[in-house]
Protein chains: 2
Amino acid sequence: MMRLLNHPPRDSLSLSRVLYALSDPVRLTIVKSIAAQGEQACGTFGLPVAKSTASHHFRVLREAGVIQMRAEGTQYMNSLRREDLDSRFPGLLDAILTAPEPV
Amino acid sequence: MMRLLNHPPRDSLSLSRVLYALSDPVRLTIVKSIAAQGEQACGTFGLPVAKSTASHHFRVLREAGVIQMRAEGTQYMNSLRREDLDSRFPGLLDAILTAPEPV
DNA sequence: CCTATTGTTCTAAAGTTATAAAACAATAGG
DNA sequence: CCTATTGTTTTATAACTTTAGAACAATAGG
């Protein structure tokens with residue numbers, strides 16, 4: 001469905017963009033789900049939004065450098081860019097993933 | 001200038017709100033400055049925005065629970081809610097404060 | 001009191017983002 | 001090929017954010 005997936009290189013990841021990407025509850029849900037279950041296709045998250053909206057959120061996460069997307073058949077598999085994030089922002093992802101969720 | 005400063009209690013701090021508050025470069029500048037220099041009045045940050053805009057940013061940080069503001073004479077002194085943040089989101093603030101800044 | 005200092009609030013404009021419907025694209029499987 | 005599946009892109013809208021000018025409020029200091 002898409003030719004080129006733009007993934008920013010590790011050294012150009014921006015803290016502000018990463019924080020912004022993770023500040024949305026839908027996107028945080030996506031990230032937590034990948035962190036807990038590993039690589040997943042976009043359709044497997046049970047998100048409470050239309051697929052065009054979900055696609056937007058995946059794009060924001062990808063362009064911020066939080067997730068890696070790769071085409072596989074008709075689907076897109078999403079994984080966390082853990083090494084890149086840990087390398088550039090040590091401790092950040094872990095702190096966010098272990099934070100208490102509801103209020 | 002203001003009667004009641006609303007500071008959310010520690011247990012109601014929301015991760016999404018905190019991340020959102022810190023995802024703005026102006027606000028991150030404020031937080032880093034307080035972290036480095038300790039308590040500071042609003043006027044001492046040299047922010048590249050009008051004072052009404054600065055006031056807005058301080059409010060976002062305060063209402064997210066990131067900073068504590070207290071009146072002192074005609075000024076407002078701002079400090080980091082370090083203990084509350086560390087208690088509720090262990091490691092988050094440190095990860096953000098030690099992150100590389102430019103690109 | 002009068003004035004300066006410090007920052008807030010109000011108002012409004014400009015910009016950005018989240019949302020989804022509809023159309024499209026790519027692949028897999030008959 | 002034809003169809004279903006999966007997700008993207010386009011387009012539009014509603015909601016929210018950033019920004020700042022102007023007016024206001026509180027305190028400190030003559």
In residues 46-55 of chain B, which residues come under 4.0 Å of DNA chain D by heavy atom? B/Val49, B/Ala50, B/Ser52, B/Thr53
Length of the CG-P vector between A/Asp24 and D/dT17, whole Å: 12 Å
In whole angstroms, how far is the P atom of C/dG7 from the CD1 atom of B/Ile30? 12 Å
A/Tyr20 vs D/dT18: side-chain N/O to OP1/OP2 distance below 4.0 Å: no
Value in whole Å for how far the P atom of D/dT6 lies from CE of A/Met77: 12 Å
Under 3.5 Å for both pairing distances: what stems, at least three Watson-Crick or G-U pairs long, include DNA chain D? C:1-30 with D:1-30
With sequence neighbours left out, write down each residue that passes side-chain contact (heavy atoms from CB on, under 4.5 Å) with A/Ser87, or none if nothing qualifies. A/Arg10
Closest approach to the side chain of B/Thr74, judged atom by atom: which nucleotide of C/dT6, D/dG7, D/dT5 is it? C/dT6
Tell me, which pairs form a ring-ring contact (aromatic ring centres under 6.0 Å, His included) where one or both residues lie in residues 6-51 of chain A, sequence neighbours left out? A/Phe45-A/Phe58
Got a sec, which pairs hit side chain to side chain donor-acceptor pair (under 3.5 Å) with one end in residues 41-55 of chain B, sequence neighbours left out? B/Gln40-B/Thr44
Quick check for you: among C/dA18, C/dT5, C/dT8, whose closest atom lies nearest to any side-chain atom of B/Cys42? C/dT8
Quick check for you: to the nearest 0.5 Å, what is the distance between B/Glu83 atom CD and B/Arg81 atom CZ? 11.0 Å
Looking at CG of A/Asn6 and CD of A/Glu63, how far apart are the two atoms once the value is rounded to the nearest 0.5 Å? 6.5 Å
To the nearest Å, give me how far apart CZ (B/Arg62) and C1' (C/dT9) are. 12 Å
Below 4.0 angstrom from OP1 or OP2 of D/dT18, is there any side-chain N or O of B/Arg27? yes
Pairs in or reaching into residues 24-38 of chain B: which pass salt bridge (Lys or Arg N to Asp or Glu O under 4.0 Å), with residues at least two apart or in two chains? B/Lys32-B/Glu101
Check the distance between D/dA20's C1' and B/His56's NE2 and give it to me in whole angstrom. 12 Å
Rounded to the nearest Å, what distance is computed from the CZ atom of residue B/Arg17 to the P atom of nucleotide D/dT17? 9 Å
Under 4.5 Å between side-chain heavy atoms, counting indirect links through other Ile/Leu/Val/Met/Phe/Trp/Tyr residues: same cluster for B/Leu80 and B/Tyr76 or not? yes
To the nearest 0.5 Å, atom CG of B/Asn78 lies from atom CD of B/Gln68 at 9.5 Å
Integer-rounded Å distance: D/dT9 C1' and A/Phe58 CZ: 16 Å
Could you measure the distance from the CG atom of B/Leu22 to the CG atom of A/Leu19? Nearest 0.5 Å is fine. 6.5 Å
Whether B/His57 contacts D/dT19 is assessed here as follows: a side-chain N or O lying under 4.0 Å from the phosphate OP1 or OP2. Is that the case? yes
Round to the nearest Å and state the distance from A/Gln75 atom CD to C/dA26 atom C1'. 13 Å
